Structure formats: C-alpha cells, structure tokens
Amino acid sequence: MKRPDVPLTELPFVRQFIRLCANGAAMGFHERNGGNLSYWLSPEDLALLPDLNCSGPPVPLEAEVSGMGGEYFLLTASGSFMRSVPLDPEKELCLIRLEQDARSYRVVWGLSEGGRPTSELESHLLNFSSRAGMPGRACRVMYHAHPAHVIALSFLLPLDEKTITKALWTSMIECPFLFPEGVGVVPAMIPGGAQIGTLTSELIRTHDAVLWAHHGLFCCGRSFDDAFGLMETIDKAAQIYLIVEGSSLKRVNRIEDSLLYEIAEASGGALNTRLI
Ligand code: 13P
Ligand code: ZN
C-alpha cells in the first residue's frame with residue numbers, strides 16, 4: 001500500500017541511511033568526501049515510496065549489473081561529505097532505478113543541485129549483484145569508508161588475505177566470530193569505475209569485508225548496523241594491532257592458534273581455518 005503522504009526522507013530506511021552517514025563521520029571514517037554508502041530497496045520499502053517522477057535520461061553504467069534490472073538503490077552522491085548528508089539529504093543522496101537491461105540507470109530522487117551517484121557506483125552495484133545470486137547471502141547495505149587504522153595496516157603488512165586476516169583475528173577475540181571468512185584484499189589501484197568494482201565484487205562473494213590497499217575498506221551487511229558494526233570492529237582491531245606492535249613494552253601474551261582452532265570448532269566450521 002502506497003503512503004505518498006510521508007516524505008521520502010522520513011521513511012525508515014532513509015532515516016537509517018542518514019544515521020549511518022552521521023555515525024561514520026563521527027568516527028572519523030570520512031575525511032572530506034571520502035567513502036560512500038548504498039542501500040538496495042526491498043519490496044516492502046518500494047511499497048512505501050511516494051510516486052516519483054523518473055523523467056531524466058538513462059545514464060550508462062561501465063558494467064552490466066546482472067540480475068538487478070528494475071531494482072532501486074539509494075546512494076550517496078559523488079563528492080558528498082558524509083557529515084553533510086543529515087543537513088540536506090535531498091542534495092547529498094540519490095535514489096536510482098536500474099533500467100531493465102541493467103546497463104544504465106535513471107535518477108528518480110535526490111541530487112537536487114545536480115551531480116551524479118558516487119564514483120564507486122559500479123563497485124556497489126556489482127557487489128549487490130554478486131551476493132544477490134547466492135542463497136541466504138543477499139545484502140541490503142554496501143558501505144565504503146576510509147578508516148585510518150586499516151589503511152595504515154595496509155602499508156605495514158604484506159597484502160595477502162591470510163596475513164591481514166590473522167593480524168585482525170589475533171588482535172581482538174570477537175573478530176574471528178564476526179568475520180569468520182576473513183578479509184579479502186584488493187591491491188592498490190585507481191579508485192572508481194568497473195575495474196576495481198569487478199575485482200571487489202568477486203571477493204565480496206566470499207567475504208563480508210574487502211580491504212582496498214592504501215585506500216579503505218568495503219563492508220556489506222543485511223542491515224545498516226551489520227555493515228557499520230563490521231567497519232568499526234575491523235578498524236578497532238587494526239588500531240589494537242598498531243598499538244601493540246608499536247608499543248615499546250614487550251609483548252607477553254597473544255591469541256594463540258590453538259584458541260583460533262577452538263573458536264573454529266565452536267563456530268560450527270564457519271571459521272576459514274586456511275587463514276590461521
Ligand atoms: P565519491 O565522493 O565519488 O563517493 O568518492 C569517494 C571515495 O571514497 C572514492 O573511493
Ligand atoms: Zn574511497
């Protein structure tokens with residue numbers, strides 16, 4: 001049932017979207033326009049949308065987003081500052097609808113002063129598409145941020161999944177429970193567009209978090225809290241790693257491999273033991 005009397009910015013998913021932007025900015029994850037966020041609208045969300053005029057021309061995508069034709073996504077605008085989103089959501093955000101061929105989109109709301117969706121649009125959409133095709137693994141939220149400690153880690157450790165994951169798992173004992181599949185790693189590359197998007201979307205099939213070396217982190221979740229919680233957990237673990245490794249005090253304790261194997265057993269085989 002349509003509820004055209006409720007302004008779009010008051011709809012629950014839009015309010016949660018804005019809240020995440022504010023919280024990410026408060027965490028220091030978003031210098032300037034760093035980072036971006038997207039949300040894939042559910043059929044229940046669509047039922048709440050007011051009638052929207054979709055008059056703009058289709059804008060081509062750099063990649064085909066298979067299986068997602070006709071779907072709606074709420075995104076941050078390219079160049080938008082996360083801390084400014086709550087001040088003027090209609091300027092800083094946009095709602096897009098993919099055309100049926102999933103090779104172009106139309107803006108149906110937002111960008112009130114012009115502009116375009118985030119430059120990482122292809123990464124966000126290809127990530128949704130990757131997960132949507134996997135039973136029980138579809139995600140509604142894709143979140144990209146520039147958390148300082150994770151970025152620092154990518155300068156100090158070899159850029160392989162095993163080294164990065166183990167450093168994080170052994171920095172805070174909740175980590176192996178919260179991201180048992182580990183963290184995927186994308187080497188340093190030019191941001192924006194289909195190339196980094198394709199690589200990320202392959203890794204996001206099997207990981208809820210993907211590190212972009214020297215750049216930031218991509219996290220996905222079924223909910224805003226899941227995606228944001230993963231971002232802050234991974235950055236906190238990276239911070240602890242840096243504190244411990246950078247300390248002049250001698251380390252006397254560690255999370256041993258034997259404990260990780262115990263966690264693997266306790267988690268019913270969810271933990272990727274190849275990464276221990
Ligand atoms: P946008 O402002 O285009 O979203 O870019 C920010 C960013 O973090 C690129 O990786
Ligand atoms: Zn970025």
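Since the model is a prediction, treat every value here as computed from it, not as a measurement. Every number for a ligand or one of its atoms is a count from 1 in the order of the listing.
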With heavy atoms of His144 as the reference, note each atom of ligand 1 found under 4.0 Å away.
8 (O), 10 (O)
With salt bridge (Lys or Arg N to Asp or Glu O under 4.0 Å) as the criterion, how do Arg19 and Asp225 come out once you've worked through the C-alpha distance, each side chain's angles and the decisive distance to 0.1 Å?
CA-CA 10 Å; Arg19 178 171 159 257; Asp225 280 346; 3.7 Å; yes
Check the pair Tyr143 / Asn36 against side-chain hydrogen bond (donor to acceptor under 3.5 Å, both in side chains), numbers first and verdict last.
CA-CA 6 Å; Tyr143 179 34; Asn36 26 74; over 6 Å; no
Taking Arg131 for the side chain and Ile204 for the main chain, is one N or O donor matched with an acceptor at less than 3.5 Å?
yes
What protein heavy atom is closest to atom 10 (O) of ligand 1, reported as residue, atom name and distance in Å?
Glu120 OE2, 2.5 Å
Ser80 to ligand 1: N or O pair under 3.5 Å?
no
I'd like to know whether CD of Glu64 has more than 12 heavy-atom contacts from other residues, nucleotides or ligands below 6.0 angstrom.
yes
Can you confirm, on distance only, whether ligand 1 has an N/O atom lying under 3.5 Å from any N/O atom belonging to Ala77?
no
Tally of protein N, O or S atoms, where distance to the Zn ion (ligand 2) is under 2.8 Å:
3
Would you say Ile240 and Phe29 are hydrophobically clustered, going by side-chain heavy atoms of ILVMFWY under 4.5 Å?
no
Can the ring centroids of His149 and Tyr241 be said to lie less than 6.0 angstrom from one another?
no
Given the options Thr233, Leu178, Ile234, Met172 meets side-chain contact (heavy atoms from CB on, under 4.5 Å) only with Thr233
Which protein heavy atom lies closest to atom 5 (O) of ligand 1, and at what distance to 0.1 Å?
Ser119 OG, 3.4 Å
shortest atom 6 (C) of ligand 1-to-protein heavy-atom contact is with Asn33 O, 3.3 Å
Atom 4 (O) of ligand 1 [closest protein heavy-atom partner, distance rounded to 0.1 Å]:
Thr118 OG1, 2.7 Å
To check your reading of the model: name the closest protein heavy atom to atom 7 (C) of ligand 1, its residue, and the distance in Å.
Asn36 ND2, 3.4 Å
N or O contact, Gly35 vs ligand 1, cut-off under 3.5 Å:
yes
Quick check, are the ring centers of Tyr39 and Phe17 under 6.0 angstrom apart?
no
Check the pair His144 / His30 against side-chain hydrogen bond (donor to acceptor under 3.5 Å, both in side chains), numbers first and verdict last.
CA-CA 9 Å; His144 167 56; His30 303 288; over 6 Å; no
Would one find an N or O of His146, backbone or side chain, under 3.5 Å from an N or O of ligand 1?
yes
When every non-hydrogen atom of Asn127 is compared with those of Gly197, the smallest separation belongs to OD1-O, 4.4 Å
Between Arg106 and Glu99, is the closest basic N to carboxylate O distance under 4.0 Å?
yes
Short list, please: which atoms of ligand 1 are under 4.0 Å from a heavy atom of His215?
10 (O)
Can you confirm, on distance only, whether ligand 1 has an N/O atom lying under 3.5 Å from any N/O atom belonging to Thr76?
no
Is any NZ, NE, NH1 or NH2 atom of the basic residue among Lys166 and Asp160 found under 4.0 Å from an Asp or Glu carboxylate oxygen of the other?
no
Go through ligand 1 atom by atom and flag the ones less than 4.0 Å from a non-hydrogen atom of Gly79.
1 (P), 2 (O), 3 (O)
